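Some notes on the structure that comes next.
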Amino acid sequence: MASRTWVPPGPYDLGRTLCVLARGPGDPAYRVAGDGAIWRASRTPQGPGTLRITAAHGEIRAEAWGQGADWLLENLPSLLGATDDPAAFTPRHRLVHETHRRNPGLRLARTGLVLESLIPSILEQKVTSDEAYRAWRLLLQRHGEPAPGPAPRMHVMPDPRAWSLIPSWEWHRAGVDDKRAATIVRAARVASRLEEAAGMDDARASQRLQAVPGIGPWTTAETLQRTNGSADAVTVGDLHLPKFVSYALTGTRDTTDETMLELLTPYEGQRHRACRLILLSGVTPPRRAPRFAPRDFTRI
């Protein structure tokens, strides 16, 4: 085990900062323990590693295990949002201002690991969250490897070669259709090129990711928000986000991506942060219909 301590430069909320990295309550690569510690299992450039992070007395302490331990600790400040600049954000709406005031410790995490965020984002394309979370959980449990160290029943995701070798019936068993499975395999085959996007600006990184067929603006934004800590990557093409943004800022719910982007114009350069704050406000449009029922791909 190796360890490191990091002292945030101001108010800091560990849970709010890292919660976007969890892919559902049963994510095998992300756990919140009963004592509040956050556990992450990652495949780093140096190999698999496990990270345990706790906050106490104004400082963050991390412990790491495995071949990737040194890499995880070296990049700990970036993961925790040290490269994020919340001072660049100026609230322009009363609701956003109030949510910003109530969440002074929110930072945008930056993992620096592209496939780790890209693959679950591909799994979330055009399906319910529960379907995508189930697929991620099953694929990691069956094709990943146990996380190093004393991690509580956690798994590190497969390496690129292992992703590309998953047989068709295993994708089917996890509820993943051929289109999403093929996109993941294509991404895995050019993993080294995609990982370079973690060091690029948003425009170049988007171009690099979208060079892979099956990866579009929605998947790219969801990835860059986590991998690069992008403050401006807006998730366009989402079923719910335009409604949430429009309802929170104008009181109307039926809108389009174009209208959402127009409403977010005052936050140019910080549009993703504005969306995070809008979602944190808890102001959402009332439901008009029941949730979409998950489809059982194993019966197809």
Side-chain angles (χ1 to χ4, degrees), residues 17-18 20-21 23 42-45 75 78-79 81-86 88-89 106-127 129 132 136 157 160 163-164 179-242 244-245 255-279:
T17 298
L18 296 186
V20 295
L21 304 180
R23 302 293 182 161
S42 296
R43 184 168 296 281
T44 76
N75 290 273
S78 294
L79 172 69
T83 58
D84 181 34
D85 182 16
F89 182 76
L106 175 66
R107 297 292 183 271
L108 301 182
R110 182 183 186 130
T111 67
L113 299 169
V114 174
L115 246 62
E116 179 181 275
S117 294
L118 176 62
I119 290 177
S121 295
I122 295 172
L123 292 174
E124 292 172 8
Q125 292 175 352
K126 301 184 183 300
V127 297
S129 296
W136 175 248
M157 75 171 195
W163 281 114
S164 65
K179 183 177 180 180
R180 287 180 293 153
T183 300
I184 291 173
V185 171
R186 284 192 293 266
R189 288 173 176 168
V190 292
S192 60
R193 294 284 289 163
L194 296 183
E195 292 293 346
E196 294 173 359
M200 299 177 179
D201 58 43
D202 282 4
R204 293 176 59 219
S206 296
Q207 185 179 27
R208 177 66 59 89
L209 295 181
Q210 293 182 48
V212 177
I215 298 177
W218 185 93
T219 307
T220 298
E222 288 289 306
T223 302
L224 296 184
Q225 289 163 10
R226 297 164 173 83
T227 296
N228 293 30
S230 172
D232 197 50
V234 185
T235 307
V236 296
D238 193 81
L239 179 63
H240 303 294
L241 186 61
F244 289 169
V245 171
T255 188
T256 62
D257 280 333
E258 290 72 20
T259 302
M260 176 184 70
L261 293 175
E262 183 177 347
L263 290 172
L264 293 173
T265 299
Y267 300 105
E268 195 76 36
Q270 294 283 319
R271 293 176 297 177
H272 170 55
R273 192 190 308 274
C275 290
R276 282 287 306 275
L277 291 169
I278 289 170
L279 295 176

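Residues: numbered from 1 along the sequence shown. No experiment lies behind these values; they were computed from the predicted model shown.
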**Request:** Please examine the side chains of Arg43 and Glu116, heavy atoms only from C-beta on, and report whether any two atoms are closer than 4.5 Å.
**Result:** no
**Asked** Under 3.5 Å, is there a donor-acceptor pair between the side chain of Thr227 and the main chain of Leu113?
**Response** yes
**Message:** Could you tell me if the side chain of Ser42 sits less than 4.5 Å from the side chain of Thr111, heavy atoms only?
**Reply:** no
**Prompt:** Can you check whether Leu277 reaches Leu106 side chain to side chain, under 4.5 Å on heavy atoms?
**Reply:** yes
**Polar side chain donor-acceptor pair, Thr183 to Arg186, under 3.5 angstrom** = yes
**Prompt:** Okay, side chain of Ser230, backbone of Arg226: is any donor-acceptor separation there less than 3.5 Å?
**Reply:** no
**Item:** Donor-acceptor pair between Thr223 and Thr220 side chains, under 3.5 angstrom
**Value:** no
**Request:** Apply the side chain to side chain donor-acceptor pair (under 3.5 Å) test between Asp84 and each candidate in Arg110, Arg107, Arg273; give the one that qualifies.
**Result:** Arg273
**Asked** In Å and rounded to the nearest 0.5 Å, what is the CG to NE2 distance from Leu108 to His272?
**Response** 5.0 Å
**Message:** Within the 4.5 Å heavy-atom criterion, are Phe244 and Met260 side-chain neighbours or not?
**Reply:** no
**Message:** Would you say that more than 12 heavy atoms from the other residues, nucleotides or ligands in this model lie under 6.0 Å from the CD of Glu262, or not?
**Reply:** no
**Message:** Are Cys275 and Leu264 packed together at the side-chain level, in the sense that at least one heavy-atom pair is separated by less than 4.5 angstrom?
**Reply:** yes
**Request:** Return the minimal non-hydrogen interatomic distance between Glu195 and Gly112, and the atom names on each side.
**Result:** OE1-O, 4.2 Å
**Request:** Give the minimum heavy-atom separation between Leu115 and Met157, together with the two atoms involved.
**Result:** CB-CE, 3.7 Å
**Message:** Minimum heavy-atom separation for Ala188 and Ser164, please, with both atom names.
**Reply:** CB-N, 4.4 Å
**Message:** Please give me the minimum heavy-atom distance between Thr255 and Pro242, naming the atom from each residue.
**Reply:** CG2-O, 3.1 Å
**Request:** Show your working on side-chain contact (heavy atoms from CB on, under 4.5 Å) between Ile184 and Leu123 and close with a plain yes or no.
**Result:** CA-CA 8 Å; Ile184 291 173; Leu123 292 174; 3.6 Å; yes
**Item:** Shortest non-hydrogen separation from Ala198 to Val114 and the atoms involved
**Value:** N-CG2, 3.8 Å
**Item:** Pairing of Glu124 and Arg23 as salt bridge, 4.0 angstrom limit
**Value:** yes
**Message:** Please determine whether the number of non-hydrogen atoms from other residues, nucleotides or ligands lying under 6.0 Å from atom CD of Gln207 exceeds 12.
**Reply:** no
**Prompt:** Do you know the tightest heavy-atom contact between Ala205 and Asn228?
**Reply:** CB-ND2, 4.1 Å
**Message:** So does Ile122 get a backbone contact from the side chain of Arg180, meaning a donor-acceptor N/O pair under 3.5 Å?
**Reply:** no
**Request:** Drop me the distance from Ile278's CD1 to Leu263's CG, to the nearest 0.5 angstrom.
**Result:** 8.5 Å
**Message:** Rounded at 0.5 Å granularity, tell me how far CG in Leu209 sits from OG in Ser117.
**Reply:** 10.5 Å
**Complete:** Rounding to 0.5 Å, atoms CG (Leu224) and CG (Leu118) come to a distance of 9.5 Å
**Prompt:** Short question: side chain of Asp201, backbone of Ala203 - any donor-acceptor pair under 3.5 Å?
**Reply:** yes
**Item:** Non-neighbouring partners of Thr235 that pass side-chain contact (heavy atoms from CB on, under 4.5 Å), sequence neighbours left out
**Value:** Trp218, Ala221, Glu222, Gln225, Asp238, Leu241
**Prompt:** Do the side chains of Leu21 and Leu79 get nearer than 4.5 Å, heavy atoms only?
**Reply:** yes
**Request:** Using modelled atom types only, decide if a donor and an acceptor are shared between the side chain of Gln270 and the backbone of Ala231 within a distance under 3.5 Å.
**Result:** no
